[in-house]
Amino acid sequence: MKIIHSISEIQQLSRDLAQEGKRIGFVPTMGFLHEGHLSLVNVAKQHSDVVVMSIFVNPTQFGPNEDYDSYPRDAERDQKLAAERGVDYLWMPEVSQMYPKGEQTKVVVTELTRGLCGPFRPGHFMGVTTIVAKLFSALQPQIAVFGEKDYQQLQVIRRMAKDLLMPIEIIGVPTLRDEDGLAKSSRNVYLNEEERKQVLYISQAIKAVQQAVKKGEKQVQKLLSLGKDILAQAPDLQLEYLEIVDAENLQKLEVIQRPARVLIAAYVNHKRFIDNGALT
Ligand code: AMP
C-alpha cells in the first residue's frame, strides 16, 4: 500500500489510472479505523480495480463545541489495518491542502439537510459536502462507498453527486454492528461499560420498531411511542430525536407505505450517538 499526502500526487494517480483504464473505488473516512470502515473497503474492491481510502478529520464538519480536537486518531494503526485489508492507496491530506489559504467555496444540499441531524449540528452537512466534493474533485473516482450508519449523510451525498453531475456511482453499505447490536463507531472508544449499556438502548429501540413493522404495524405514531418507551428505560440517555422518515427524501411519514427509515440521535454523558435502520 502506498501512502499519499499531496494533492498533486493524488491528481497524478488519478490521471495515470484513467490512462490505464482502471476504475477507482474510493472510501473516504476520518480514520481510527474499525471493521465498519473495512467492510466499505471490501465493497469498494468488488466494484473497482484500485481502492483509494482517505483519512482526513475534517475540521469544517465539527461544531465549535464538538470533539474535533479530541477525535480519536492513530495513523500508524490505521495504516496497518488499511494495508492488511488490501487498500492500494491511503490518502492522508493536510488541512492546509484541503482548505487552501483564502478558500471561499462551499457546497450546500438544501432540503435533505433541514431535518434530523441538520438543526442540531448547524453547518455540519455543509462541511461534509464541501470536503467530499473536494476529495471527489481531486481524485475523480468512478465509485465511492459510504456507510448507512450515517444515513442522512449518505442521502445528502447521493443528492450532491446527482445535482453536480458528478460521474460517480455512490454505493451504500449496511451498518456493521458488534455482537450486542451496537453500531461500530470510532467514537465507541469514549464509552465505559455503564455508558455502553445505555447506548445499547438505541439499537434495541431500532430493532423493536423494525420488528413491529414486520409484524404489520404501519402507524408511525405507534411505532414512535414503542421506540420512546424503550429509550426511556435508559436513565442517562438524552434523546435528541427519534424519527421515521421516507428512506429517500427523508420527509416525516404518518403511515409506512413505502421504504422508510427509523433514525435516532441521543446523548449519553454529553457524548452523541446516532443509529438507524430500514423499515420495509
Ligand atoms: P467516519 O470515519 O466515521 O467518517 O466514517 C467513514 C465511513 O465509514 C462513512 O461512510 C461511515 O458511514 C462509514 N461507517 C462508519 N461506521 C460504520 C459501520 N459501523 N458500518 C458501516 N459503515 C460505517
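Just so you know, these numbers use all the heavy atoms, side chains as well, and skip hydrogens, waters and symmetry mates. As the structure lists them, so they are numbered: ligands from 1, and atoms in each ligand from 1. All values reported here derive from a predicted model rather than from experimental measurement.
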Tell me which one of Arg85, Arg177, Lys149 satisfies salt bridge (Lys or Arg N to Asp or Glu O under 4.0 Å) with Glu35.
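The residue from Arg85, Arg177, Lys149 that satisfies salt bridge (Lys or Arg N to Asp or Glu O under 4.0 Å) with Glu35 turns out to be Arg85.
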Looking only at protein heavy atoms, identify the closest one to atom 5 (O) of ligand 1 and say how far it is in Å.
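Ranking protein heavy atoms by distance from atom 5 (O) of ligand 1, first comes His37 NE2, 3.4 Å.
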Checking a contact table here: which protein heavy atom is nearest atom 22 (N) of ligand 1, and how many Å away?
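Checking every protein heavy atom, the shortest distance to atom 22 (N) of ligand 1 gives Gly147 CA, 3.6 Å.
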Gln12-Asp16 side chain donor-acceptor pair, cut-off 3.5 Å:
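The answer is yes; a qualifying pair exists.
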Between [X] and ligand 1, which residue portion shows a heavy-atom distance shorter than 4.0 Å: side chain, backbone, both, or neither?
X      : value
His34  : side chain
Ser186 : neither
Ser185 : neither
Leu40  : side chain

Looking at Phe32, is Arg77 sitting on its ring face, NZ or CZ under 6.0 Å from the six-membered ring centre and within 45 degrees of the normal?
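Yes, Arg77 and Phe32 form such a contact.
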Report yes if Lys149 has an N/O atom closer than 3.5 Å to an N/O atom of ligand 1; otherwise report no.
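In fact, backbone or side chain, Lys149 has no N or O that close.
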Which ligand 1 atoms, with their elements, are less than 4.0 angstrom from a heavy-atom of Pro28?
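It comes down to these atoms of ligand 1: 6 (C), 7 (C).
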By the definition side-chain hydrogen bond (donor to acceptor under 3.5 Å, both in side chains), identify the one residue from Gln155, Gln251, Arg258 that meets it with Asp246.
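Per the side-chain hydrogen bond (donor to acceptor under 3.5 Å, both in side chains) rule, the option paired with Asp246 is Arg258, out of Gln155, Gln251, Arg258.
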Nearest non-hydrogen contact with atom 20 (N) of ligand 1 belongs to which option: Val41, Leu176, Val27?
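Nearest heavy atom to atom 20 (N) of ligand 1 lies in Leu176.
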If the threshold is 4.0 Å, N to carboxylate O, is there a salt bridge linking Glu66 and Arg121?
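The answer is yes: the pair qualifies as a salt bridge.
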Please check if Ile170 and Val51 belong to a single hydrophobic cluster, counting links between Ile, Leu, Val, Met, Phe, Trp and Tyr side chain heavy atoms closer than 4.5 Å.
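The answer is no; the residues belong to distinct hydrophobic clusters.
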